[in-house]
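Starting from 1, each residue takes its place in the sequence as its number. All ligand and atom numbering here is 1-based and tracks the order in the structure. None of these values were measured; they are calculated from a predicted model.
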Amino acid sequence: MARKFFVGGNWKCNGTTEEVKKIVTTLNEAEVPSEDVVEVVVSPPFVFLNFVKSLLRSDFHVAAQNCWVRKGGAFTGEISAEMLVNLSIPWVIIGHSERRALLKESNEFVGDKVAYALSQGLKVIACIGETLEERESGSTMAVVAAQTKAIADKVTNWDNVVLAYEPVWAIGTGKVATPAQAQDVHRELRKWLSENVSGAIAESTRIIYGGSVNGANCKELAAQPDVDGFLVGGASLKPEFVDIIKSAT
Ligand SMILES: O=C(COP(=O)(O)O)NO
């Protein structure tokens with residue numbers, strides 16, 4: 001079965017009201033393939049989430065950047081899955097390497113967040129990826145397999161999960177993975193899903209790439225058989241994000 005191409009835009013901790021309006025205007029005016037061909041999900045910072053959702057074209061969708069792992073309450077600073085549901089925010093990014101590094105989010109904690117988000121009916125972009133040190137030591141697959149296992153063990157509905165392979169050494173560095181590097185890991189991840197979950201899930205689950213994707217390198221990456229789309233950081237704040245959406249195959 002064909003997997004629908006997925007292009008996520010992770011705006012991270014960026015934006016002012018004026019900048020957000022400009023980005024949304026560019027997106028709303030973009031001529032891109034229909035949503036039967038490509039699924040587009042942008043993820044503004046929480047403070048702009050509802051604002052963007054109110055302005056964004058109806059064939060594009062929004063995601064929150066992370067959410068709390070259990071019911072809301074006395075968790076100062078956190079955003080609960082229930083709040084996202086209440087605001088009809090359909091997607092959430094979980095397990096981003098910046099959260100794993102800065103806030104020491106463990107594989108287990110990421111798995112718990114995925115489980116809770118799915119239990120509340122949210123769709124999850126679940127992030128994994130190795131550091132440069134881990135790659136150079138030859139432990140890439142061991143690391144991403146452990147990260148994937150911690151997520152897979154808690155997934156109750158694979159239809160609502162997109163797996164984002166984002167090598168930490170490529171995030172924000174301009175050092176994009178080569179198409180071969182990306183395809184190698186994506187193929188191994190799909191094999192892992194087939195051996196540890198099921199052949200059908202392996203076949204249907206979208207595995208997207210993130211890490212210095214831009215308008216110039218997206219086409220070659222998109223042409224790889226196991227690259228089902230992108231999770232774009234810096235370039236999602238620029239007009240070239242439209243070119244990346246157009247790279248949908
Ligand atoms: O973190 C990323 C990728 O960021 P860049 O595209 O800026 O490398 N996506 O979630």
For [atom], which protein heavy atom lies nearest, and how many Å away is it?
atom: atom 7 (O) of ligand 1; answer: G234 N, 2.8 Å
atom: atom 4 (O) of ligand 1; answer: K12 NZ, 3.2 Å
atom: atom 6 (O) of ligand 1; answer: G233 N, 2.9 Å
atom: atom 10 (O) of ligand 1; answer: E166 OE2, 2.7 Å

Response to the item:
Quick note on ligand 1: atoms under 4.0 Å from a heavy atom of H96 include exactly 1 (O), 2 (C), 9 (N), 10 (O)
Item to complete: Run the numbers for me: atoms of ligand 1, each under 4.0 Å from some heavy atom of G211, listed by number.
Response: 3 (C), 8 (O)
Worksheet entry | F241 vs W11, ring pair (Phe, Tyr, Trp, His ring centres under 6.0 Å): CA-CA, chis, key distance, verdict | CA-CA 11 Å; F241 186 60; W11 298 3; 8.5 Å; no
Fill in: Ion pair check, R99 and E105, cut-off under 4.0 Å
yes
Worksheet item: Between F230 and Y209, how do the two ring planes meet: parallel, tilted or perpendicular, split at 30° and 60°?
Response: perpendicular
Worksheet entry | Aromatic ring pairing Y165/H186, orientation class (parallel under 30°, perpendicular over 60°, tilted between) | perpendicular
Discussion item. Once rounded to the nearest 0.5 Å, what's the spacing between atom CG of L122 and atom CD1 of I94?
Written reply: 7.5 Å
Worksheet entry | Spacing of I171 atom CD1 and N10 atom CG [to the nearest 0.5 Å] | 9.0 Å
Fill in: Matching residue for V7 among V38, V41, V242 - test: side-chain contact (heavy atoms from CB on, under 4.5 Å)
V38
Worksheet item: When only distance counts, is V232 in polar contact with ligand 1, meaning an N/O pair under 3.5 Å?
Response: no
Worksheet item: Polar-atom distance check: S212 versus ligand 1, any N or O pair below 3.5 Å?
Response: yes
Item to complete: Record the part of A170 in heavy-atom contact with ligand 1 below 4.0 Å; permitted values are side chain, backbone, both and neither.
Response: backbone
Worksheet item: Just heavy atoms, cut-off under 4.0 Å: does N10 contact ligand 1 by side chain, backbone, both, or neither?
Response: side chain
